[in-house]
A.B. asks: 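Would you mind keeping the following structure in view while I ask a few things?
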Amino acid sequence: MEHLKIASDNYVAFTFFIGTMAMMAASVFFFFELSSTPTKWRTSVLVSGLITFIAAVHYYYMRGYNLATGDSPTFFRYVDWILTVPLMCVEFYLITKKAGAKQGLLWKLIFASLVMLVTGYFGETIYRGSSVIWGVISGAAYFYIVYLVWFGEVSQLAQTAGAQVAKATKTLAWFVLVGWAIYPLGYILGTPGGLFGIQLVADPALASHYMDIVYNVADAINKIGFGLVIYSLSRTQD
Ligand SMILES: *C/C=C(C)/C=C/C=C(C)/C=C/C1=C(C)CCCC1(C)C
C-alpha cells in the first residue's frame with residue numbers, strides 16, 4: 001500500500017499536523033494556568049482548555065485518517081464541532097451570568113448552533129445534491145447566533161456586566177462574525193455547486209483539500225483565539 005506523507009507539498013496533511021500541535025499546546029497552557037486563575041474565572045478558563053483539548057484529540061485522529069486515506073475526515077470534523085461549538089456558547093453564558101444571564105439564553109445559543117451544524121453536515125454528506133438549501137438553513141442559524149451576540153441578549157447583558165466583560169464580549173462577537181464566517185467559505189469550496197450552483201473548484205479531490213485547509217485554519221483561529229480572549233479577561237480586575 002502506498003503511504004501518504006506529510007511532505008512539504010502536502011498542505012492538507014501539514015495543516016492537520018500543525019492543528020494537532022497548536023491545540024495540544026493551547027490545552028496545556030489553559031490547564032496549567034488554572035491554578036493562578038481567580039476562582040470566579042476558573043470555570044471559563046477550564047472550558048477554554050476543554051475546547052482546545054477536545055479539538056486536539058479530534059485533530060490527532062483526523063490527521064491520521066487523512067494520511068491513511070487522503071480523504072476528508074468529515075464525520076469526525078462534525079463530531080468535534082458538535083462538542084466544541086456548544087462549549088463556546090457556554091463561554092458566552094458564563095461571562096454574562098453575573099449580569100443575570102438565564103439558562104434559557106444558553107439553550108437558545110446551543111440549539112441554534114446544533115441546527116447550524118446538523119444542517120451543514122446534511123449538506124456535506126447525505127444530501128450533497130441539495131447542499132445549497134442546507135447551507136442556507138445553516139447560515140440562517142448562524143446569523144441568529146450573530147444577532148444574539150451583537151444586538152440580542154448576550155450583548156445587552158454584557159453592557160451591564162462591567163467594562164472588561166463588555167470589551168471581551170465585543171471581541172468574541174468579532175470572532176463569531178468574522179472568524180466563524182470562514183467556515184461557510186470552506187463549505188462553498190468543498191461541496192459541489194455550493195455557491196448557489198456555481199462550481200468553484202472543478203476537481204472534487206482538490207475541492208475537498210481546499211475545504212480541509214480552510215476549516216483547519218479557521219479552527220486554529222477560533223478555538224485558540226476565543227480561549228485567549230477568555231484568558232485575558234480572567235487577568236483583568238473585573
Ligand atoms: C471550533 C469550531 C467552530 C467554531 C465551528 C464553527 C462552524 C461554523 C460557524 C459553521 C458554519 C456553516 C455555515 C454557516 C453554512 C455552511 C455549513 C457550515 C456548517 C460550514
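Just follow the structure's listing: the first ligand is 1, and inside any ligand the first atom is 1.
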A.B. asks: At what distance is the nearest protein heavy atom to atom 10 (C) of ligand 1, and which residue and atom is it?
C.D. replies: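 Residue, atom and distance for the closest contact: Tyr183 CB, 3.5 Å.
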A.B. asks: Please tell me whether Tyr231 and Phe29 form a close aromatic pair, meaning their ring centres lie under 6.0 Å apart.
C.D. replies: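 They qualify: ring centres under 6.0 Å apart.
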A.B. asks: Regarding Asp80 and Tyr59, is there a side-chain donor-to-acceptor distance under 3.5 Å anywhere?
C.D. replies: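 Side chains of Asp80 and Tyr59: no pair found under 3.5 Å.
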A.B. asks: How does Phe143 reach ligand 1, if at all, at less than 4.0 Å between non-hydrogen atoms: by side chain, backbone, both, or neither?
C.D. replies: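 No part of Phe143 is near ligand 1 at this cut-off.
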A.B. asks: Rounded to the nearest 0.5 Å, what separates atom NE2 in His58 from atom CE in Met23?
C.D. replies: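 Those atoms lie 11.5 Å apart.
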A.B. asks: Do you know which two heavy atoms are closest between Gly123 and Thr191, and how far apart they sit?
C.D. replies: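 Closest pair (atom of Gly123, atom of Thr191, distance): O-CG2, 3.6 Å.
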A.B. asks: Hey, which atoms in ligand 1 end up nearer than 4.0 Å to a heavy atom of Tyr215?
C.D. replies: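 The list of qualifying atoms is 20 (C).
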A.B. asks: Which of the atoms of ligand 1 are close to Tyr78, meaning less than 4.0 Å from one of its heavy atoms?
C.D. replies: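 Result: 19 (C).
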A.B. asks: Can you tell me which residue and heavy atom of the protein come closest to atom 1 (C) of ligand 1, and the distance to 0.1 Å?
C.D. replies: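 For atom 1 (C) of ligand 1, the nearest protein heavy atom is Lys223 NZ, 1.5 Å.
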A.B. asks: With backbone taken as N, CA, C and O and side chain as the heavy atoms from C-beta onward, which portion of Tyr187 lies under 4.0 Å from ligand 1: side chain, backbone, both, or neither?
C.D. replies: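 Under 4.0 Å from ligand 1, Tyr187 contributes side-chain atoms alone.
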A.B. asks: Atoms of ligand 1 less than 4.0 Å from Trp180 heavy atoms?
C.D. replies: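 Numbered from 1, ligand 1 contributes 4 (C), 9 (C).
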A.B. asks: With heavy-atom distances below 4.0 Å as the criterion, list the atoms of ligand 1 near Asp219.
C.D. replies: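 Answer for ligand 1: 1 (C), 2 (C).
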A.B. asks: Tell me whether the centres of the aromatic rings in Tyr121 and Trp81 are closer together than 6.0 Å.
C.D. replies: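 Not under 6.0 Å, so no.
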A.B. asks: Is any side-chain N of the basic residue among Glu124 and Arg77 closer than 4.0 Å to the acidic one's carboxylate O?
C.D. replies: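 Not counted as a salt bridge, because no side-chain N and carboxylate O are separated by less than 4.0 Å.
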A.B. asks: Using a 6.0 Å cut-off, check whether atom OH of Tyr210 has over 12 heavy atoms from anything other than its own residue.
C.D. replies: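 At most 12 heavy atoms, drawn from other residues, nucleotides or ligands, come within 6.0 Å of this atom.
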A.B. asks: Can you sort out which atoms of ligand 1 are near Trp81, meaning under 4.0 Å from one of its heavy atoms?
C.D. replies: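 Every atom of ligand 1 under 4.0 Å from some heavy atom of Trp81: 2 (C).
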A.B. asks: Can you see which heavy atom on Val45 is nearest to which on Thr37, and at what distance?
C.D. replies: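 Val45 and Thr37 have their closest heavy atoms at CG2-CG2, 3.9 Å.
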A.B. asks: Heavy atoms only, cut-off 4.0 Å: how does Ile51 contact ligand 1, side chain, backbone, both, or neither?
C.D. replies: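 Neither part.
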A.B. asks: Relative to the heavy atoms of Thr84, which atoms of ligand 1 are at a distance of less than 4.0 Å?
C.D. replies: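 By the 4.0 Å cutoff, the relevant atoms are 1 (C).
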A.B. asks: Under 4.0 Å from ligand 1, counting heavy atoms only, is it the side chain of Phe122, its backbone, both or neither?
C.D. replies: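 Neither part.
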A.B. asks: Any atoms of ligand 1 less than 4.0 Å from a non-hydrogen atom of Pro184? List them with their elements.
C.D. replies: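 Those qualifying, in numeric order: 13 (C), 14 (C).
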A.B. asks: Please tell me whether Phe92 and Phe226 form a close aromatic pair, meaning their ring centres lie under 6.0 Å apart.
C.D. replies: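 Yes, the ring of Phe92 comes within the 6.0 Å limit of the ring of Phe226, centre to centre.
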A.B. asks: Counting only heavy atoms, which portion of Met88 has something under 4.0 Å from ligand 1: side chain, backbone, both, or neither?
C.D. replies: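 Side chain only.
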A.B. asks: Hey, could you give me the CD1/CD1 distance between Ile82 and Ile54, rounded to the nearest 0.5 Å?
C.D. replies: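 Ile82 atom CD1 to Ile54 atom CD1 measures 12.5 Å (nearest 0.5 Å).
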A.B. asks: Using a 4.0 Å cut-off to any heavy atom of Ser138, which atoms of ligand 1 qualify?
C.D. replies: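 Counting from 1, the qualifying ligand atoms are 12 (C), 13 (C), 14 (C), 15 (C), 16 (C), 17 (C), 18 (C), 19 (C).
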A.B. asks: For atom 9 (C) of ligand 1, which protein heavy atom lies nearest, and how many Å away is it?
C.D. replies: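 Heavy-atom neighbour on the protein nearest atom 9 (C) of ligand 1: Met116 CE, 3.4 Å.
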